[in-house]
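Side-chain atoms are counted along with the backbone in the values below, which use heavy atoms only and exclude waters and symmetry mates.
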Amino acid sequence: MEHQQRSQPRLSPSSDTEDMTMLLAPRLAYFAGVARTEHVTRAAQEMQVPQSTLSRAMVRLEQDLGVELFARRGRTVSLTPAGRTFLASVERALAEVERAADEVRADADLATGKVAFGFLHTMGWETVPGLISAFRADHPRVRFSLVQNYGEAMIERLRAGELDLCLTSPVPDAPDLVARRLDEQKLRLVVPADHRLSARRRIRLAEAADETFVTLEPGYGLRRITDDLCREAGFKPRIAFEGEEAETLRGLVAAGLGVALLPPPAVPRPGVVELTVTAPRAVREIGVAWLDGHPDTPPVAAFKKFLLAKRGNLLPT
């Protein structure tokens, strides 16, 4: 390797780290190959690049660093102390890049890849386990990263690229999202077992105007639906407690602390009575959403297709 006179470093010590990375990154694998073989010709043959390209890359690397990395004897080279220090870090960096490449390839594999899937807390007891079990009948090795959260938080994670798909309610309407309605779920007025209305089977929501309500916190889709239904029924609910999970609200109702509009439970809860709401129509739409223009890996595409095929038959009967 022809050795040229060292020029001044092309970057000052105060230069931006990103600029240095852009300069050095393309040459790191070349450097590791030359350091491993200690021979420019042999390294060029192994990496299948022209020897002149490799020689120039090493000279430029040393110029950019402002440090001698090799002691040269013809085409044979050996690492200087600075070169050995640099090599240790380069090998770790290259190994990490290779590990990351293997990971993303594995996640995108149709047979063994990964789906990052978000869903509402109320979907986690029965609906989502059933969906995943049915999907894995044909895709037994696909992995899932599951996130339970309320609707707005899931949408933000979708936008941040942390989720591939999410089941949410209400079905979002935003220009950067694609959303498809899959099903609807009836909401019931849940009252304590000893409540004045507990002997009823059906009720108009306006009849509960004087009741104290327990609800989910603002930001939850079910809270928004509760507020909208009460407004449609002609009143604003008096709220005593706000929570983060529907079954906790059922427990509060059972303790006599209020009434609540909730979807059906997976397992009947003692201490409460669930009344059908006849007016207004008390339902929530369940839909699947994803980021518009975001490319799907094969396992995500397969699971999306599976969910869309469940339209009208998503929820357990």
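At least one side-chain heavy atom of M47 sits under 4.5 Å from a side-chain heavy atom of L54. Side-chain contact between V77 and H39 is absent, with no heavy atoms from C-beta onward closer than 4.5 Å. By the 4.5 Å heavy-atom criterion applied to side chains, M123 and L315 are counted as neighbours. For the pair K304 and L165, the minimum side-chain heavy-atom distance is below 4.5 Å. A heavy-atom distance below 4.5 Å is not found between the side chains of K186 and P263. Here the side chains of V128 and Q148 are not in contact, with every heavy-atom distance at 4.5 Å or above. F213 has its side chain within reach of C230: a pair of non-hydrogen atoms, C-beta onward, lies under 4.5 Å apart. Inter-residue side-chain proximity for L167 and L120 is flagged as unmet; no heavy-atom pair is nearer than 4.5 Å.
Just one residue in the list E244, E242, E152 forms a side-chain contact (heavy atoms from CB on, under 4.5 Å) with Y220, and that residue is E244.
Contact record, P298 with A108: CD-O, 3.1 Å, taken as the closest heavy-atom pair. In terms of heavy atoms, V259 sits closest to P192 at CG1-CD, 4.3 Å. The minimum heavy-atom distance between V142 and L110, with the atom names listed, is CG2-O, 3.4 Å. Between I286 and L314 the shortest heavy-atom distance is CG2-CD2, 3.7 Å. Listed here is the closest heavy atom pair of P280 and L205: CD-CB, 3.9 Å. Nearest heavy atoms, A208 versus L189: CB-CD2, 3.9 Å.
F31 meets the ring-ring contact (aromatic ring centres under 6.0 Å, His included) test with F70, F86; sequence neighbours excluded. Applying the salt bridge (charged side-chain N to carboxylate O under 4.0 Å, His left out) criterion to E98, with sequence neighbours excluded, gives no partner residue. Looking at residues two or more places apart in sequence or on another chain, you find a ring-ring contact (aromatic ring centres under 6.0 Å, His included) between H139 and F135. In this structure T226 satisfies the side-chain hydrogen bond (donor to acceptor under 3.5 Å, both in side chains) test with no other residue, sequence neighbours excluded.
The hydrophobic clustering, which links ILVMFWY residues whose side-chain heavy atoms are closer than 4.5 Å, places V171 and V178 apart. Note on L291: it clusters hydrophobically with L182, by side-chain heavy-atom contacts below 4.5 Å among ILVMFWY residues. Grouping the Ile, Leu, Val, Met, Phe, Trp and Tyr side chains by contacts below 4.5 angstrom, directly or via other members, places L222 apart from F119. Residues L308 and F117 share a single hydrophobic cluster, defined by chaining ILVMFWY side chains whose heavy atoms lie under 4.5 Å apart. Follow the hydrophobic side-chain contacts under 4.5 Å out from V190 and you reach I203 in the same cluster.
No more than 12 heavy-atom neighbours from other residues, nucleotides or ligands sit within 6.0 angstrom of CZ on R204. Within a 6.0 Å sphere centred on OH of Y30, heavy atoms belonging to other residues, nucleotides or ligands number 12 at most.
A distance of 10.5 Å separates CD of E207 from CZ of F235, quoted to the nearest 0.5 Å. Expressed to the nearest 0.5 Å, how far OG1 of T215 lies from CG of L261 amounts to 10.0 Å. In this structure, OG1 in T276 is found 11.0 Å from CZ in R200, a value given to the nearest 0.5 Å. The CG atom of L177 sits 6.0 Å away from the CG atom of L158 when rounded to the nearest 0.5 Å. Of the inter-residue distances, the one linking I155 atom CD1 with N149 atom CG reads 10.5 Å to the nearest 0.5 angstrom. Residue H294 holds its NE2 atom at 7.0 Å from CG of D296, rounded to the nearest 0.5 Å.
R223 places a side-chain N or O within donor-acceptor distance of the main-chain N or O of L216, the cut-off being under 3.5 Å. Formation of a donor-acceptor pair under 3.5 Å by the S198 side chain with backbone atoms of H195 is found in this model. At least one donor-acceptor pair under 3.5 Å links the side chain of R143 to the backbone N or O of T112. Put simply, the side chain of T80 gets close to the backbone of E68: a donor and an acceptor are under 3.5 Å apart. Looking only at distances, no side-chain donor or acceptor of S145 sits under 3.5 Å from a matching main-chain atom of A116. Looking only at distances, no side-chain donor or acceptor of T76 sits under 3.5 Å from a matching main-chain atom of R72. Side-chain atoms of D164 never come within 3.5 Å of backbone atoms of V300 as a donor-acceptor pair (strictly under, hydrogens ignored). With T37 contributing its side chain and G33 its backbone, the two residues share a donor-acceptor pair below 3.5 Å.
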field: Verdict with supporting geometry, L187 and V283, side chain to side chain contact (heavy atoms under 4.5 Å, CB included)
entry: CA-CA 5 Å; L187 301 179; V283 298; 5.7 Å; no
message: Does S169 form a side chain to side chain donor-acceptor pair (under 3.5 Å) with E285? I'd like the steps, not just the answer.
response: CA-CA 6 Å; S169 176; E285 292 186 335; over 6 Å; no
- request: Just do the salt bridge (charged side-chain N to carboxylate O under 4.0 Å, His left out) check on D227 and R224 with the steps written out, would you?
  value: CA-CA 5 Å; D227 290 344; R224 193 185 323 159; over 6 Å; no
field: CA sep, side-chain torsions, deciding dist, call: R84, E91, salt bridge (charged side-chain N to carboxylate O under 4.0 Å, His left out)
entry: CA-CA 11 Å; R84 285 193 294 272; E91 287 179 333; over 6 Å; no
message: Let's go through R92 and S89 carefully: what are the C-alpha distance in whole Å and the side-chain angles of both, what is the deciding distance for side chain to side chain donor-acceptor pair (under 3.5 Å) to 0.1 Å, and is it a yes or a no?
response: CA-CA 5 Å; R92 286 195 298 270; S89 295; 3.1 Å; yes
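Side chains of R284 and T122: a donor on one and an acceptor on the other come within 3.5 Å. No hydrogens or angles considered: a donor-acceptor pair under 3.5 Å links the side chains of T41 and Q51.
Electrostatic pairing of R281 and E184 counts as a salt bridge here, judged by a charged N lying under 4.0 Å from a carboxylate O. Look at R250 and E274 and you find a salt bridge, because one of the NZ, NE, NH1 or NH2 atoms lies within 4.0 Å of a carboxylate O, short of that distance. We find that K114 and D109 are not joined by a salt bridge, their nearest charged nitrogen and carboxylate oxygen being 4.0 Å or further apart. Salt bridge annotation for R238-E211: absent, with no cationic side-chain nitrogen under 4.0 angstrom from a carboxylate oxygen. Look at D183 and R311 and you find no salt bridge, because none of the NZ, NE, NH1 or NH2 atoms lies under 4.0 Å from a carboxylate O. D102 has no carboxylate O lying under 4.0 Å from a charged side-chain N of R99, or vice versa, which leaves the two without a salt bridge.
Evaluation of the ring-ring contact (aromatic ring centres under 6.0 Å, His included) test over residues 41-60, restricted to residues two or more places apart or in two chains, returns none. Residue pairs satisfying the salt bridge (charged side-chain N to carboxylate O under 4.0 Å, His left out) criterion with at least one member in residues 35-54, sequence neighbours excluded, are listed as follows: R36-E46.
For F144 and F303, the gap between ring centers is short of 6.0 Å.
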